[in-house]
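To keep things clear, I will list the structure first and then write my remarks on it.
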There are 2 protein chains.
Amino acid sequence: MTAERETAEVLARTLRDAITRLNRRVRQARPVGDLTFSQLSALTSLQLAGALTPRELADVERVQPPTMTKIVGKLEDRGLVARTPHPTDRRQVILAPTEQGRTVYAQFERARNEWLAQQLANLSPDERSTLARAAEILQQVARA
Amino acid sequence: MTAERETAEVLARTLRDAITRLNRRVRQARPVGDLTFSQLSALTSLQLAGALTPRELADVERVQPPTMTKIVGKLEDRGLVARTPHPTDRRQVILAPTEQGRTVYAQFERARNEWLAQQLANLSPDERSTLARAAEILQQVARA
DNA sequence: TCACAGTAGTTAGCTTAGCTAATGATCCGC
DNA sequence: GCGGATCATTAGCTAAGCTAACTACTGTGA
């Protein structure tokens, strides 16, 4: 095993552990409202993309299609997402946030970030810039 | 709002997004074996700490006690964790990995990290050291 | 043109994870 | 030694995730 590979393995362990715990922490800070983490995440992806088919959304969220069916169903029940027929392919469906969806998203997003933002504000500028660079690298890795 | 606070909010959003996606990605790479992410995480905490009470383990894992009862129950069913009475307080229980638990942990841990380690090995040394520093900061934040 | 293979979405049925509320057992302070 | 805290568990719920199987539709090729 190369030294590089070994370093990568140690780092993988550390990083995974940190991410697991932080993820739980952020999840826990869920506001009293009723949108769950997965629902908010899906709504966010829709918001950012404008509109997606269920399959595309499932791919973006790295989830199997049936899972996304459920999540979207919940969002639809709440009137946050609307489905319209695909213009040419009648098998497909177009999902997009409703006006209400956009509003609710903004509110939750703010509440959602509050705890984490507070923690980050307490860090040094140097630490924050390290995290900013790390976030980009992680995005890239997750996309691979 | 201070500039610092604003920076923190943007960073929070980015970071949270990256972490969510990476977490799903790693979860997805779960080996065919039968230990789930939460189970492995709990086993890991026990391994690192040596022994903990259910309450302590729940705190470490940032989970409510009943949730930990279930997870520990599964690990116990598989003979990976054993419970012994607390020496002085009969309400409490001491949880520790069994010999088999330690073995299984090591195997899974290796398989678990494989995908992530591979990704990290492909990064530049500079990127890796950024992630290493970030991991420490995140650990600290998650602990807050 | 039409049979058939492939694709999109959903449904069904399962396990795991997480929560709160309530219980039972124990501890400890007064 | 009584009464309030604390530890663990049970019960009962919802959400998230999976695979397998189904329906509806598309598109291709004989």
Side-chain angles (χ1 to χ4, degrees), chain A residues 20-21 23-43 45-46 51-78 80-95 108, chain B residues 20-21 23-43 45-46 51-78 80-95 108:
Chain A
T20 304
R21 290 176 204 290
N23 207 48
R24 280 199 195 145
R25 196 69 162 81
V26 171
R27 247 172 210 270
Q28 209 176 27
R30 154 175 56 187
V32 285
D34 40 9
L35 269 201
T36 67
F37 203 59
S38 296
Q39 289 167 19
L40 181 57
S41 181
L43 186 56
S45 293
L46 274 184
L52 292 171
T53 67
R55 159 68 69 178
E56 289 168 337
L57 185 52
D59 287 347
V60 168
E61 294 288 307
R62 295 219 166 268
V63 142
Q64 293 303 307
T67 300
M68 193 43 72
T69 295
K70 275 195 205 171
I71 295 174
V72 167
K74 301 241 167 64
L75 291 173
E76 225 187 336
D77 289 347
R78 291 195 164 87
L80 305 179
V81 160
R83 66 178 69 216
T84 55
H86 190 283
T88 61
D89 187 339
R90 280 193 294 172
R91 287 171 304 180
Q92 295 188 50
V93 177
I94 304 292
L95 303 171
F108 272 86
Chain B
T20 304
R21 290 177 204 288
N23 206 48
R24 280 199 194 145
R25 196 69 162 81
V26 171
R27 247 171 210 270
Q28 210 175 27
R30 156 174 55 187
V32 285
D34 41 9
L35 269 200
T36 67
F37 203 59
S38 296
Q39 288 167 19
L40 181 57
S41 182
L43 186 55
S45 293
L46 275 183
L52 293 171
T53 67
R55 159 68 68 178
E56 288 167 337
L57 184 52
D59 286 347
V60 169
E61 294 289 307
R62 297 223 165 264
V63 142
Q64 294 303 307
T67 300
M68 192 44 72
T69 295
K70 274 194 205 172
I71 294 174
V72 167
K74 302 241 166 63
L75 291 174
E76 225 187 336
D77 289 347
R78 291 196 164 88
L80 305 179
V81 160
R83 66 179 69 217
T84 56
H86 190 282
T88 62
D89 187 339
R90 278 193 295 171
R91 287 171 306 178
Q92 296 188 49
V93 177
I94 305 290
L95 302 171
F108 272 85

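Protein chains get the first letters and strands the later ones, always in sequence-line order, with residue 1 at the start of each. The figures here come from the full heavy-atom set of this structure, side chains too, leaving out hydrogens, waters and symmetry mates.
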Query - Any pair counted as side-chain hydrogen bond (donor to acceptor under 3.5 Å, both in side chains), so long as it reaches residues 68-77 of chain A, sequence neighbours left out - result: A/Glu76-A/Arg83
[X] side-chain N/O to [N] phosphate OP1/OP2 under 4.0 Å:
X       : N      : value
B/Thr69 : D/dT10 : no
A/Gln92 : D/dA24 : no
A/Thr67 : D/dA16 : no

Could you tell me which non-hydrogen atom of [X] sits nearest to which non-hydrogen atom of [Y], and how far apart they are?
X       : Y       : value
A/Asp89 : A/Arg91 : OD2-NH2, 2.7 Å
A/Glu56 : A/Thr53 : OE1-N, 2.9 Å
B/Leu57 : B/Ala42 : CD1-O, 3.9 Å
A/Leu80 : A/Leu43 : O-CD1, 4.1 Å

**Report entry** nucleotides 22-30 of chain C: protein proximity per nucleotide (B base, S sugar-phosphate only, - neither; heavy atom, under 4.0 Å)
**Finding:** ---BBS---
Of the options [options], whose atoms approach the side-chain atoms of [X] most closely?
X       : options               : result
A/Gln64 : D/dC18, C/dA8, D/dC7  : D/dC18
A/Thr53 : C/dG9, C/dA17, D/dA16 : C/dG9
B/Val93 : D/dA8, D/dG17, D/dA15 : D/dA8
A/Ile71 : C/dT10, D/dG17, C/dA8 : D/dG17
B/Thr36 : C/dT16, C/dG9, D/dC13 : C/dT16

Query raised in the report: Taking C-beta and beyond as the side chain, do B/Glu61 and B/Thr67 meet within less than 4.5 Å on heavy atoms?
Result: no
Query - Close side-chain approach of B/Arg90 and B/Pro85, heavy atoms under 4.5 Å - result: no
Requested in this report: Would you mind telling me which residue lines up with the more 5' stretch of DNA chain C, B/Lys74 or A/Pro65, judged by nearest nucleotide?
Outcome: A/Pro65
Pairs under 3.5 angstrom, nitrogen or oxygen only, protein versus nucleotides 2-5 of chain C, please.
none

Quick one: [X] [atom1] to [N] [atom2], roughly how many Å, whole number?
X       : N      : atom1 : atom2 : answer
A/Leu43 : D/dA16 : CG    : P     : 13 Å
A/Gln39 : D/dA15 : CD    : C1'   : 8 Å
B/Asp77 : C/dT15 : CG    : P     : 14 Å
B/Leu57 : D/dC7  : CG    : P     : 14 Å
A/Arg78 : D/dA15 : CZ    : P     : 7 Å
A/Arg55 : C/dG6  : CZ    : P     : 15 Å
B/Lys70 : C/dG18 : NZ    : C1'   : 7 Å
B/Glu56 : D/dT6  : CD    : C1'   : 13 Å

Query - Distance in Å, A/Ser45 OG paired with A/Asp59 CG, rounded so as to fall on 0.5 Å steps - result: 11.0 Å
Report summary line: Interatomic distance, CG@A/Leu46 vs CD1@A/Ile94, rounded to 0.5 Å, equals 10.5 Å
